[in-house]
There are 2 protein chains.
Amino acid sequence: MSPRVSLVSRPCSICNNLTDEFNYGVISCNPCKMVFRRVMKFETKFDHCLCGNKKSTSCRCCRFSACIAGGMKISCIQKYKHATLIQNLIKMDHKRNNTFFNYQMCEDLSLDQLMISGVPKIKDQGVRFTSHDWVSMEIYSTIEFMKNLDLVHILTSNDLMIFVKNAHFKCAIFFIAVRSYMAKMEFMTFPDNVDVFPEEISNVPDYSPKLLNRIRTLLISKFREFDVSIEELLLVVTIIICDPSVAGLSEFSMNVISQYQRIYSSALQAICQNKCKASWPTRFTNLLFLSNILTKTIKDLDDVVVLFKYHQPALPLRKLVKDSF
Amino acid sequence: MSPRVSLVSRPCSICNNLTDEFNYGVISCNPCKMVFRRVMKFETKFDHCLCGNKKSTSCRCCRFSACIAGGMKISCIQKYKHATLIQNLIKMDHKRNNTFFNYQMCEDLSLDQLMISGVPKIKDQGVRFTSHDWVSMEIYSTIEFMKNLDLVHILTSNDLMIFVKNAHFKCAIFFIAVRSYMAKMEFMTFPDNVDVFPEEISNVPDYSPKLLNRIRTLLISKFREFDVSIEELLLVVTIIICDPSVAGLSEFSMNVISQYQRIYSSALQAICQNKCKASWPTRFTNLLFLSNILTKTIKDLDDVVVLFKYHQPALPLRKLVKDSF
DNA sequence: GGTAGTCCACGGTGCACGGAC
DNA sequence: GGTCCGTGCACCGTGGACTAC
């Protein structure tokens, strides 16, 4: 009997050249493996093109797109191992806090303007921030956080816009809760005890302290209930950010975002397993459910804004906030 | 009664990842086991680094250091089983003898110079060695012997220097005694009956044949008394070499050297047990006591050198010898 | 039965080559 | 024609799965 031939050559799933290799989860030749690796490592710059050479090796962009479409697993890239992933999120969070606390917006930009050019400046000495100012910085630093995620390097600018627009406001609210929770507060607040709602709110006739208070406390009460760590919160927010089901995304970006969401999700799962042994699925579900609590909070906030708009149409809301409702 | 839970996951003592394995004497995951195995087997090169990623798996050096610090037992590596160990020492001794008999120093190097670059050349035909020449080769070949010990591969160059400096001269003297003893001599001598002391010694007024003779005979008389074998002598010298209590060593190197000393020591113990059954502890103690006899001989030698220096300050001692007093 | 050792697939790295400017 | 950048080959180290003692 002849020995089993294991190294049979098959066409590379990316470029069709014959190969006996298996890389990043698919049958693929070494050159395609290297293209995928290098784009994922950002060893080489990656620009989108319009050539559409689907199975050709001549265009990096199309070859890389074929890698994604062909099922190459981003999670096989070692920098997406859990420990490294979480370390990076923590670093990004530090950076976000630094921006939030130490900078201020130069002008009242809309989200579109911000994405093109807007950069804040170092905060003036002794300037006193209103709720409007803080919320601007909260949103700005959240967008910065999102743009520091590895995946944005491989999204087209159009998809990146959709990606950011979808989650930035929601996540900014989440980050207010995170910061307040980490500062041992029971409710959302800005630094120096500046309320999250502008002072002008007391002029609204249907003013409902109960509703406002629910907005301020709901998320944080859940954080406390589950005794969440910053690592868990950062993974949850990243899972919320990486939502592949947004309308308008290209299939490519949907695929990429979805892969990243799975990576972050499995890191969160690992943390839960580590913490709770047998009961980890409960914790994991609870943490993922924070996304719904956030949605509920946003819904409440929406109601408040509607009231606001009705009774105070001239309220000077920042463009970044206005755009979100 | 519930069954004993044997496969409980615990954090790896090296990298903290969960594992249910137990390798080389500590709770440790398979990857850490493999790193330790490979460095110890010299399957892969091992360089020291400065990164200091103590509990990270990303740096081989730090991971290996953590293995040592975490208590992984070098003795569990099978090549450190007694038989292999002794075979290796015998081979190293052959090599040492080959160097000693067939080479000569190119120039008069100091120990520091020697450690960096010095290599001897094949002995010229018909050249007649003086005591000075032989002692140089004795020291050189002893250093070579020391550098052939496995453990030097994992010492930093600084610790290696300390390690060699501490024992090389002492051991060179021991090796003179070993060779003379194996050649059935009653006293230390160099080949062709060249005396271990240089001819110039007769010019010293306080010349004490009795002291010189004690130096020449003390060790060898003990060898005869205990009827030691070459295996035993090589283990003894290696135990002397692997002295973890030298000042200046890093904790890491101290730990490594100490582990090796224990390995050689237990090999010697096994030989004694094999040879003497019930009375092995006496033999074992006697053999270890040879270290003190050596120290005594070195002390005597020191006295002679002091006399020498006083009466013959211009005596052309080799740098390797000068450095040792 | 448990632990040390071996095998091998695959991810990562270094380098030489080739085309573009 | 030098330099820069991307490519793809060859090799290395890792760690999972298996074997042997």
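Sequence lines set the chain letters: A, B, ... in the order given, protein chains first and strands last, and positions in each chain run from 1. Keep in mind that the numbers below use all heavy atoms, side chains included, and drop hydrogens, waters and symmetry copies. As the structure is a computational prediction, the values presented were derived from the model and not from experiment.
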- Query: Less than 4.5 Å apart, any side-chain heavy atom of A:I271 and any of A:W280?
  - Reply: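 Not in contact.
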
- Message: When you compare the side chain of B:V236 with that of B:I239, does any pair of heavy atoms fall below 4.5 Å?
- Response: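 No. Closest side-chain heavy atoms not under 4.5 Å.
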
- Item | Phosphate OP1/OP2 of C:dG12 contacted by A:Y24 side-chain N/O (<4.0 Å) |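 Looking at the OP1 and OP2 atoms of C:dG12, one of them is under 4.0 Å from a side-chain N or O of A:Y24.
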
- So, is B:K81 close to the C:dA4 phosphate, meaning a side-chain N or O under 4.0 Å from OP1 or OP2?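 For C:dA4, neither OP1 nor OP2 has a side-chain N or O of B:K81 closer than 4.0 Å.
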
Between [N] atom [atom2] and [X] atom [atom1], what is the distance in whole Å?
{"X": "B:R60", "N": "C:dG12", "atom1": "CZ", "atom2": "P", "result": "17 Å"}
{"X": "A:F36", "N": "C:dC10", "atom1": "CZ", "atom2": "P", "result": "15 Å"}
{"X": "B:R63", "N": "D:dG13", "atom1": "CZ", "atom2": "C1'", "result": "11 Å"}
{"X": "A:D20", "N": "C:dC10", "atom1": "CG", "atom2": "C1'", "result": "12 Å"}
{"X": "B:Q78", "N": "C:dG5", "atom1": "CD", "atom2": "P", "result": "4 Å"}

- Query: Touch check for A:K73, heavy atoms < 4.0 angstrom, all strands: base, sugar-phosphate only, or nothing?
  - Reply: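 Answer is nothing: A:K73 stays at 4.0 Å or more from every strand.
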
- Query: How would you label the contact of B:C76 with the nucleic acid (heavy atoms, under 4.0 Å): base, sugar-phosphate, or nothing?
  - Reply: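 Answer is sugar-phosphate: B:C76 comes under 4.0 Å of backbone atoms only.
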
Listed pairs, N/O of protein and of nucleotides 13-17 of chain C, under 3.5 Å:
| from | atom 1 | to | atom 2 | distance (Å) |
| --- | --- | --- | --- | --- |
| C:dT13 | OP2 | A:R37 | NH2 | 3.0 |
| C:dT13 | OP2 | A:K41 | NZ | 3.1 |

- Flag for A:S266-A:R262: side-chain donor and acceptor within less than 3.5 Å: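 The answer is no; no qualifying pair exists.
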
- Would you indicate which nucleotide in C:dC10, D:dT7, D:dT14 comes nearest to any side-chain atom of A:N23?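 Closest nucleotide among those given: C:dC10.
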
- Query: Quick one: which of D:dG6, D:dG16, C:dG11 gets closest to the side chain of A:T44?
  - Reply: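 Selected nucleotide (nearest to the side chain): D:dG6.
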
- Query: Under the salt bridge (charged side-chain N to carboxylate O under 4.0 Å, His left out) rule, what pairs show up with a residue in residues 70-91 of chain B, not counting sequence neighbours?
  - Reply: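 Of all non-adjacent pairs touching residues 70-91 of chain B, those that pass salt bridge (charged side-chain N to carboxylate O under 4.0 Å, His left out) are B:K79-B:D150.
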
- Message: Using a 3.5 Å distance criterion without hydrogens, assess whether the side chain of B:R60 forms a donor-acceptor pair with backbone atoms of B:D47.
- Response: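 Side chain of B:R60 to backbone of B:D47: no pair is present.
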
- Determine whether the aromatic ring centres of B:F46 and B:H48 lie less than 6.0 Å apart.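 Ring-ring flag for B:F46/B:H48: true, centres closer than 6.0 Å.
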
